[in-house]
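Let me begin by presenting the structure, written as structure tokens, before commenting on it.
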Amino acid sequence: MAKTFTEKVYEVTRKIPKGSTLTYKEVARKAGNPKAVRAVGTILSKNFNPEIPCHRVIRSDGKMGGYNRGGIDVKMKILKSEQNG
DNA sequence: TAGTTGACCGGAA
DNA sequence: ATTCCGGCCAACT
């Protein structure tokens, strides 16, 4: 199979259940490179695919990194909307 | 091909 | 708690 790290990152991010959030480190870990957290940020930042809930990926501090589809403000609102209702 | 950049992480001051 | 530094990886120039 030998899927590229980028492909795995997209799949993992796409498989994140609603109402749940994963850290960049977790995504990188599931993708196969727990040390490529920087790359995950770079990859997701270039990702403009609505099928990928990149807003469910946050920093290990519990804070957020960024969002290419609206901004931190929208990202926060989406997470709250999915968690609470 | 080499160098720089970035939605990061962990440790130290 | 905040700020600064080194390390790692993929994408971009």
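In what follows, chains carry the letters A, B, and so on, assigned in the order in which the sequence lines appear, proteins first and then strands, with residues in each chain numbered from 1. Everything numeric in this text was worked out from a predicted model, so none of it was measured.
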* To do: Check every strand shown and say whether A/G41 touches a base, only sugar-phosphate, or nothing at a heavy-atom separation below 4.0 Å.
  => base
*asked:* So A/S45, base contact, sugar-phosphate only, or nothing? Heavy-atom distance under 4.0 Å.
replied: base
Rounded to the nearest 0.5 Å, what separates atom [atom1] in [X] from atom [atom2] in [Y]?
{"X": "A/Q83", "Y": "A/T21", "atom1": "CD", "atom2": "OG1", "answer": "6.0 Å"}
{"X": "A/M64", "Y": "A/D73", "atom1": "CE", "atom2": "CG", "answer": "9.5 Å"}
{"X": "A/L22", "Y": "A/S60", "atom1": "CG", "atom2": "OG", "answer": "10.5 Å"}
{"X": "A/R59", "Y": "A/Y24", "atom1": "CZ", "atom2": "OH", "answer": "8.5 Å"}

Could you tell me how far apart [X] ([atom1]) and [N] ([atom2]) are, to the nearest whole angstrom?
{"X": "A/M64", "N": "B/dG6", "atom1": "CE", "atom2": "P", "answer": "22 Å"}
{"X": "A/M76", "N": "B/dA7", "atom1": "CE", "atom2": "C1'", "answer": "15 Å"}
{"X": "A/N49", "N": "B/dA7", "atom1": "CG", "atom2": "P", "answer": "19 Å"}
{"X": "A/Y10", "N": "B/dA7", "atom1": "OH", "atom2": "P", "answer": "14 Å"}
{"X": "A/R29", "N": "B/dC9", "atom1": "CZ", "atom2": "P", "answer": "14 Å"}
{"X": "A/E26", "N": "B/dA7", "atom1": "CD", "atom2": "C1'", "answer": "17 Å"}
{"X": "A/R59", "N": "C/dT2", "atom1": "CZ", "atom2": "C1'", "answer": "13 Å"}
{"X": "A/L22", "N": "B/dC8", "atom1": "CG", "atom2": "C1'", "answer": "15 Å"}

Q. Under 4.0 Å between a Lys/Arg side-chain N and an Asp/Glu carboxylate O for A/E11 and A/K30?
A. no
Could you tell me whether the side chain of A/I78 reaches within less than 4.5 Å of the side chain of A/Y67, counting heavy atoms only?
yes
With B for base contact, S for sugar-phosphate-only contact and - for none (protein heavy atoms under 4.0 Å), nucleotides 6-13 of chain C reads -BBBBSS-
